[in-house]
Amino acid sequence: MLAWLLIAGVNGVAQKALAQEYTDTGTTEAQESIDLNAPFLSPVNPMAQVTSVSQLKDVQPNDWAFQALQSLVERYGCIAGYPDSSYRGNRALSRYEFAAGVNACLDRVNELITTATSDLVTREDLAILQKLQSEFAPELATLRGRVDSLEARTAEIEANQFSTTTKLNGLLIVGIQGRTSNRGDVNPRDGQKDTDDAGTNINVISLAQLYLTSQITPRSYLFTGLLDGKGKTIPRFTNSVSRNDVLLGYEFPTDSLIVSDLNFHWLVTDKLAVMVGTEGVSIPAAFRGPNRVESAATGPLSYFAQRNPILNMGYGHGGIAIDWQFAKRASLQAIYTSYQPGNSAKGSGLFDGTTTTGVQLLLTPTDTLDLSLYYVNNYSSDGCLITFVGDECLTTVNTTTGKSAPLQTNAVGATVTWQISPRISAGAWGGYTKSYIPGQSGNVETTNYMIFLNFPDLFAKGNLAGIYVGQPPKITSSKLPVGNNVPDFVNTGLGRSGGQPGTTTQIEAFYRFQLTDNISITPGIIHILEPGHTPDSDSVTIGILRSTFTF
């Protein structure tokens, strides 16, 4: 009987030890609670030893082990459960877990003997316990060695940590890029290739980032980011239409070290988080990405392949965002952000300049399927959506005033990813925008799409391969007042109605070698057909070698 009691008791002790591990899921799919990715916010203290079996909500009087559990609780007090008051008695346990449970119950028996309550412990109980302790002595010794090693490592980390309240993280990306020579029929697009190109262009791009996560309270933290970027590579087209045909995900040249993030995160409830700040409050930072490999450091190479360009719109700096996990497999993110929140001059500022409002519904119907639907409303003071991909400037520059007309834009899009198997995932996105000049008739429309395949752990664990094919944002129709339409302005200088004459297609393939937990090397190639949505321009091919170090 005591052996059965010990099996039930060990199961409780083992689950108490594992409860901490299962608290922070760390997955990218929809979850029951919000993960702010903050090391100080995820732990939840395991439940203390229970004093009554009724405290375990998933243990019923008709369960076969109910009496055993009740006896262990009332007689020895060596039962514990998960933080949600569940016991989960059906899960398997290892010999190490069993040994830990036996040791815990033996400690409790010794405590009872010491406190003069030895009448609760029979001679038969002690004999069984001593036999079990002897049988599992090797496992207990191994566990003690692990604990001693863990304590030593913890002490070393505490002695050398950056700060007791602030965690320091960072990354360094260095990429070497080279592209083929090409000539373009750019300005005007008259069928004659008129762009000079001296030949192959090889350069180096680097990006360094440091992040400070400062704990304010157990449920809030301040996030600060510093960034320094050098180098850039694009085709030698100078007009506003095709200037973004080649933009890499880590291409962010700065004149000096800048503050890229300064925002405060608060976990209001277990299912509602708020972010507010003056830097780094943007849609990519606020919305959960359904593509689980999205990363300029370790994922696709180009900026276009990171996410739907609609989700880059406005390039927000300051504002407020929320993340609400309103159901187990459904969440809602919303944001209001400004491009120049600190400049209160006319045409800029928190409410008067380029501003963006967005909302995303993220659904995870199954463990292998992610679906996001999003809507973005943007006001651009100069007609540029600041997506840095494809057709982003949708009104022409007036030759007299040197300025372009503002635009109000409504955009919708969707992204879906499907984990076909542990080694293959597929996905796609599509987007549509419709913009107009406030107070004037007519509108301009754009579309974009991408389809992709990801191959996690290809050839070796930790590696990643990907193939991405898509069309960057393209002006399909422009019916703004004459003089404002970009495609015809490039063609004739008149700016009459009409869409782009061609269609750009981008094909990207990469393979990431994960050398260590902190170092990876990613060779890749990008091939662009009809750059600048111009049918008579030569194709462009870019070879890339990206190296990434994180800490």
Side-chain angles (χ1 to χ4, degrees), residues 177-203 205 231-249 251 300-305 309 312 383-385 387-397 404 431 433 444-451 467-478 484-509 524-544:
Q177 298 74 222
R179 70 172 179 84
T180 59
S181 59
N182 73 296
R183 296 181 63 198
D185 175 26
V186 179
N187 192 11
R189 289 184 283 207
D190 54 6
Q192 300 297 319
K193 297 177 181 179
D194 47 31
T195 301
D196 294 331
D197 193 321
T200 303
N201 178 16
I202 298 177
N203 66 335
I205 295 175
K232 60 181 180 179
T233 177
I234 58 175
R236 299 183 183 185
F237 297 152
T238 57
N239 69 81
S240 62
V241 177
S242 56
R243 64 180 181 177
N244 296 319
D245 276 330
V246 181
L247 187 69
L248 300 176
E251 187 173 335
L301 294 163
S302 69
Y303 193 63
F304 175 37
N312 296 326
C384 291
L385 304 182
T387 61
F388 303 108
V389 175
D391 292 346
E392 62 155 357
C393 291
L394 307 182
T395 57
T396 63
V397 176
S404 51
T433 71
V444 53
E445 299 172 274
T446 75
T447 62
N448 81 85
Y449 74 86
M450 177 72 79
I451 56 175
I467 301 173
Y468 287 65
V469 180
Q471 172 210 292
K474 169 190 173 181
I475 298 175
T476 57
S477 173
S478 188
N484 291 282
N485 300 287
V486 170
D488 185 68
F489 187 83
V490 175
N491 290 342
T492 67
L494 299 177
R496 298 168 298 186
S497 297
Q500 294 284 34
T503 300
T504 298
T505 301
Q506 176 174 310
I507 304 169
E508 176 175 338
I525 189 170
I526 299 173
H527 185 67
I528 299 176
L529 302 170
E530 297 188 10
H533 302 296
T534 306
D536 293 318
S537 288
D538 292 342
S539 299
V540 179
T541 302
I542 306 99
I544 303 158

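What you see is a predicted model, and the numbers here were worked out from it, not measured in a lab.
- Listed by chain and residue number, F452 satisfy the ring-ring contact (aromatic ring centres under 6.0 Å, His included) test with Y468 (two or more places apart in sequence, or in another chain).
- Every residue was checked against the side-chain hydrogen bond (donor to acceptor under 3.5 Å, both in side chains) condition with N484, not counting sequence neighbours, and none meets it.
- Contact detail for V469 and Y449: the closest heavy-atom pair is O-CE1, 4.2 Å.
- Side-chain contact between I525 and E508 is absent, with no heavy atoms from C-beta onward closer than 4.5 Å.
- Two residues are said to be in side-chain contact when any heavy atoms from C-beta on lie closer than 4.5 Å; T505 and I528 fail this criterion.
- For D536, there are no salt bridge (Lys or Arg N to Asp or Glu O under 4.0 Å) partners, not counting sequence neighbours.
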Worked check of side chain to side chain contact (heavy atoms under 4.5 Å, CB included) between E530 and S537:
CA-CA 6 Å; E530 297 188 10; S537 288; over 6 Å; no
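- For the atom pair NZ of K232 and CG of L248, the computed distance is 13.0 Å after rounding to the nearest 0.5 Å.
- Taking CG of L394 as the reference point, atom CG of N485 lies at 10.5 Å (rounded to 0.5 Å).
- To the nearest 0.5 Å, atoms CD1 (I467) and CD1 (I507) are separated by 10.5 Å.
- Scanning for side-chain hydrogen bond (donor to acceptor under 3.5 Å, both in side chains) contacts around T433 gives T446, with sequence neighbours left out.
- Every side-chain hydrogen bond (donor to acceptor under 3.5 Å, both in side chains) that N491 has, sequence neighbours left out, goes to R189.
- Here the closest non-hydrogen pair linking G495 and T492 is N-OG1, 4.4 Å.
- D185 places no side-chain N or O within donor-acceptor distance of the main-chain N or O of K193, the cut-off being under 3.5 Å.
- Between the side chain of K474 and the backbone N or O of G532, no donor-acceptor pair lies under 3.5 Å.
- For the atom pair S404 OG and F489 CZ, the distance stands at 10.5 Å (nearest 0.5 Å).
- Among residues two or more places apart in sequence or in another chain, the side-chain hydrogen bond (donor to acceptor under 3.5 Å, both in side chains) test is passed with T447 by Q471.
- Looking only at distances, a side-chain donor or acceptor of D190 sits under 3.5 Å from a matching main-chain atom of Q192.
- With Q177 as reference, I205 is the one residue of I205, I202, V246, I526 to meet the side chain to side chain contact (heavy atoms under 4.5 Å, CB included) rule.
- Side-chain contact check for V486 versus T395: every heavy-atom pair is 4.5 Å or farther apart.
- Legend: residues meeting side chain to side chain contact (heavy atoms under 4.5 Å, CB included) with P309, ordered by chain and number and at least two apart, are F304, T387, V389, W429, N448, P473.
- Minimum heavy-atom separation, G499 to P487: O-CB, 3.5 Å.
- Under 3.5 Å, the side chains of T503 and H533 contain no donor-acceptor pair of N or O atoms.
- Within the structure, salt bridge (Lys or Arg N to Asp or Glu O under 4.0 Å) pairs that include any residue of residues 484-504 comprise D488-R496 (at least two apart or interchain).
- For S302 and Q506, the side-chain atoms include at least one donor-acceptor pair closer than 3.5 Å.
- Nearest heavy-atom pair, M450 versus A305, reported as atom, atom and distance to 0.1 Å: CE-CA, 4.0 Å.
- Residues L385 and D391 fail the side-chain proximity criterion, which asks for heavy atoms closer than 4.5 Å.
- Looking only at side-chain heavy atoms (C-beta outward), D538 and V540 stay at 4.5 Å or farther from each other.
- At least one donor-acceptor pair closer than 3.5 Å links the side chain of E392 to the backbone N or O of F388.
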